Student: 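First the structure, which I've put down as C-alpha cells, then a few questions once you've had a look.
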Amino acid sequence: MTASSTPDVPPVSSTVRKLDRAQSQLDAKGAPAEPFVLPPVAGGMNDAQREAVRHLDGPCLVLAGAGSGKTRVITQKIGYLLRDCGYNARNVAALTFTNKAAKEMAERVKSVAAPNQLKGLTISTFHSLGVRLLREEAKKVGLKPAFSILASDDALGIVQDLIATTDKGRLRAVQNTISLWKNALVEPDEAERIASTEGEREAARAYRSYNATLRAYQSVDFDDLIRLPAQLLERDDEARERWQSRLRYMLVDEYQDTNACQYRLVQLITGPRAMFTAVGDDDQAIYAWRGATIENLAKLTTDYPNLKVIKLEQNYRSVQRILAAANRVIEKNPKLFDKKLWSDLGAGDPIVVVPMDGEEAEAESVAVRISAARFEKKAQWKDFAILYRSNHQARAMEQALRNLKIPYMVSGGQSFFDKAEVRDVLAYLRLIANDEDDPAMIRAITTPKRGVGQATLEVLGNYAGEREIPLFAAIFETGLEQRLAARQLAQLREFGEFIHRMQWRAGRGASGEAITSAEPAGEILDDLLRAINYERYLYDTFDERGAQARWQTVLDLTGWLRRKAEEDNMTLVELVQHIALITMLEKNDEEDPDVVRLSTLHASKGLEYPHVYLVGVEEGLLPHLGKDDEEGDPAKAAESLVARVQEERRLMYVGITRAQRSLHVTWCKKRKRGREDVAREPSRFIEEMGLGGEKIVDTTPAMSAKDRLGMLKALLNKGG
DNA sequence: TGCCATTCGTTTTTT
DNA sequence: ACGAATGGCA
C-alpha cells in the first residue's frame, strides 16, 4: 500500500537519510537549539496530560481515548511552546482534518497565550496547509499561483470525458479508486501494475490522463493538495529545508485518520529533528474508506525509535454506564494499543434501548422524548443531539422536529459548495482567477444560457485542442472566424470581454499575478450577478419557492465573500483561490444557538452532548455493510468484510462516546425501502453493549397526533 | 427520432 | 424521495 517501491518516490529510509544531511547543514547554520530546561506547565491537567505537553525531547504520540482531553493537550502544548519555550508562533503548526476542528482549536488557543504571542501561528487543515504551500511554490510544481481547486463534481466531469460511459456509479468508482491511489502515494505506473479487478484496471488506464487533464486546466483536486506538496518536498532539497526551518514544531490532531500521503508530508516537514506531537485514538479511526490507515499509528513506533508514547485514559466526558457500554463494544475489535478508559463522573442513568415500528415512529418518538426530557431535566435544546449513520436518515427526523416546533440544525450533510447555484457563481470567479480553468469556462459560459451551446463549444474545443490553448484564450483567436457563425462569435467575444473586465477590476494583472489596484470584492460580485442576470435565470428555471431558496443561497455566498474579503483585506482573486476548501460551517459564526443537533456519526466526531439519541441502530444501517466487491476472491472478500465491520464498530463507539449524561439507542423493526416495508434486525452492536438486566426496553407506542398536541401545549404552558 | 412521463431501484461516511 | 432508464407518443 505504501509507495516504497515506486521509482519516483524514494522509500522512507533514504528520505530520512537525505533529510539528515539537509538538517545537519541547517543546524550548522545556527538554528536555535531546543530549550534545555523545561519550565513548569500551567495546572488543570492530570499527570499524563502534563507529560504529553512537556515532552519535547523528540517525537511524541499521545493515545487519547474519547473524552480524555486531547484538544486540551494540544492547545496547552501550543501555549507551552510559545509562552515558556521561546518558540515563535510562525514556527508552530497544528493540523486538523476539518475546518470546524481548526476553528475550534484556534478559539481555544486564545486562552492559552497572549494575542501578540499567537501572531503567525498556523492552525489549519491538512488541505489548507497544502494549498498555502502549493501557492507559494507553484512555479516549482509547474502551476501558476492562481491554479484552481476542483470540487469532486468537477473532477468527476473530467473522469467522464476520459471514460466512455454514462454510468455515474462507474465514474464515481473510477474517481474513487484514483483518489485512494493518490492518498496511498501510488503513481500511475504502479497503479497499472497492481490493478487487480476490472474496475481498477479501468481506473489505472484513466489515471495518467486524468492528471494530465488537471494539469492542462491549471487545476488540482483535493488529493493533490497533499500529494503535490509531499512530492515537491521529497524532490526539492531547497524547498524542503525552507519549510523545515519554517515549521519547526507540528501538532497533528486525529492522527489515526491520516493517510499515507499525509504521513509523508508530516515526515518531510518535520524532518529528522522530528519535533512533532501526534494525537490520536485507534478506536476512533473511521475514515479508512477515504484512504486513512491506522497503520500510520503503528508505523510511527517503528519509524521513530525514540517515539514517546503517552496514553490518556481518564475520561472527563461520560458517566460510567456510558463509558462501560462503549468499552464493551470496542473490546470486540483487535487492539493496536491497549488502553482502558475510566471515569469518576458517577454511574449515571441506565442506557435506554427502544425498538420502534418504523422510521416516522422513531423520529416522532425521539422528538417527543427530547421535548419531555428538556422539560424534566430543565435542559436546553442544545444539550441534545440526534446521531445517525447516513444523511438520508435526517429527513424523517427533521420532519418530526418541525412538527413539534423544536429548533434544530443539521450539521454534516452535503456541502454548501456542492449546491448547483454556488458552483455556478464560483465558476465565474474561478474563471476570473484562472482563465485556463476549462471546466469553469464551460460552466460559466453556459449558465445562464447565452446562445452558446453544445455545437459552438465543440468548435471552440476542437480549435483549442489543435492549438493546445485553453478554451478561454481560443475565444480571441482570429482563426475562429472561418468556423463559427458571426452571431456565435460575437457572443463568445462579448463573454470574453466581460471576463477580461472583471479580471481587471478584481485585481488580476494581465499575466495572472495579483496587482494592488483591485476594487472591493463586494462591488465586483454585485456587478457580476447583475450582469449575468442570475436572479432572473433562477426564477426562469425554477418555481417561485425553489428560485427564492437558491437566490438566498447565492446571497449568503456573496455576503460571506464580501465580509471575508474586507476582514482579511483580500482581493477577490486572492479570496477565490482558497475558497474551495472553506466549509459553510465557517459561515455560521453565530455562536452555538440553542437548537437540537442532527449529525451523522462521522461529522459528530470530536463533539460532545449531554444527551445523545443514537437512531437507526440496525443491521444493514449500522453496521452498514455494502456488497462484497473483490470479484471472485472469497478469502479477500471475507477479510474486507471483517475490516468493514470493525470500522462500523468504531463508528458505534464514536457515537456512544459522544454522550455525557444520557444515551438513547433506537432501532426500527420495519423500515421503508423503496415502497415496501422491510423487516429489520437490531444491530449486533446493541447486544455488544452488554446492557444485561440494566437495559430498559421501552415499548411505549408513539403518541397519537392529538396526544402530542396536548402534550406540546402542556409543555409550552409549564415551560414558559 | 427525440422528448416526456412513468416506473423501478437504491452503499455510506467528507476534505 | 430522488435519479435513471425505459417505453410510448408525437
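All values derive from a computational prediction rather than experimental measurement. Lettering follows sequence order; numbering is per chain, from 1.
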Student: Within this structure, what is the CZ-to-C1' distance between R650(A) and dT13(B), rounded to whole angstrom?
Tutor: 13 Å

Student: Within this structure, what is the CG-to-C1' distance between D253(A) and dT15(B), rounded to whole angstrom?
Tutor: 15 Å

Student: Provide, to the nearest angstrom, the distance between the OH atom belonging to Y653(A) and the P atom belonging to dT13(B).
Tutor: 23 Å

Student: For the aromatic rings, using the six-membered ring if either is Trp, is the centroid distance between H602(A) and Y287(A) under 6.0 Å?
Tutor: yes

Student: With sequence neighbours left out, write down each residue that passes ring-ring contact (aromatic ring centres under 6.0 Å, His included) with F384(A), or none if nothing qualifies.
Tutor: H611(A)

Student: Would you say N391(A) places a side-chain N or O within less than 4.0 Å of OP1 or OP2 belonging to dT13(B)?
Tutor: yes

Student: Which pairs of donor and acceptor atoms, one on a side chain in residues 392-401 of chain A, lie under 3.5 Å apart (sequence neighbours left out)?
Tutor:
residue: H392(A); atom: ND1; partner: S390(A); partner atom: OG; Å: 3.2
residue: Q393(A); atom: OE1; partner: R389(A); partner atom: N; Å: 3.1
residue: Q393(A); atom: OE1; partner: S390(A); partner atom: N; Å: 2.9
residue: Q393(A); atom: OE1; partner: S390(A); partner atom: OG; Å: 3.4
residue: E398(A); atom: OE1; partner: Y408(A); partner atom: OH; Å: 2.8

Student: Nearest of dT15(B), dT13(B), dT11(B) to any side-chain atom of H127(A)?
Tutor: dT15(B)

Student: Per the atom types in the model, does the base of dT13(B) pair as donor or acceptor with the side chain of R389(A) at under 3.5 Å?
Tutor: yes

Student: With stacking defined as ring centroids separated by under 5.5 Å and planes differing by under 30°, is F97(A) stacked against dT15(B)?
Tutor: no

Student: Think R135(A) forms a cation-pi with F147(A), using NZ or CZ under 6.0 Å from the six-ring centre and within 45 degrees of its axis?
Tutor: yes

Student: Using a distance-only test with no angle check, is there a side-chain donor-acceptor pair under 3.5 angstrom linking D223(A) and S179(A)?
Tutor: yes

Student: Do R658(A) and S599(A) get their side chains close enough for a donor-acceptor pair, meaning under 3.5 Å?
Tutor: no

Student: Mind calculating the distance between NE2 (H602(A)) and C1' (dT15(B)) to the nearest angstrom?
Tutor: 13 Å

Student: On DNA chain C, which is the earliest and which the latest nucleotide, 5' to 3', with an atom closer than 4.0 Å to a heavy atom of chain A?
Tutor: dA1(C) to dA4(C)

Student: Looking only at side-chain atoms of F222(A), point me to the closest of dT14(B), dT11(B), dT15(B).
Tutor: dT15(B)

Student: Give the rounded distance in Å between these two atoms: CD of E619(A) and P of dT11(B).
Tutor: 18 Å

Student: Output one line per pair: protein atom, nucleotide atom from nucleotides 6-9 of chain B, and distance, for all N/O pairs under 3.5 Å.
Tutor:
residue: dG9(B); atom: N7; partner: R675(A); partner atom: NH2; Å: 2.9

Student: Among all residues two or more places apart in sequence or in another chain, which pass the ring-ring contact (aromatic ring centres under 6.0 Å, His included) test with W181(A)?
Tutor: Y207(A)

Student: Could you check how far CG of L225(A) sits from P of dT15(B), rounded to whole Å?
Tutor: 13 Å

Student: Measure the distance from CH2 on W289(A) to P on dT13(B) and round it to the nearest whole Å.
Tutor: 8 Å

Student: Looking at S152(A), does any N or O in its side chain come under 4.0 Å of the phosphate oxygens OP1/OP2 on dT14(B)?
Tutor: no

Student: With the side chain counted from C-beta on, respond yes when D221(A) and S152(A) share a heavy-atom pair under 4.5 Å apart, and no when they do not.
Tutor: no

Student: Can you list the residues that meet the side-chain contact (heavy atoms from CB on, under 4.5 Å) rule with R550(A), with sequence neighbours excluded?
Tutor: E421(A), L538(A), F542(A)

Student: Specify the separation, in whole Å, of atom CG of L129(A) and atom C1' of dT15(B).
Tutor: 14 Å

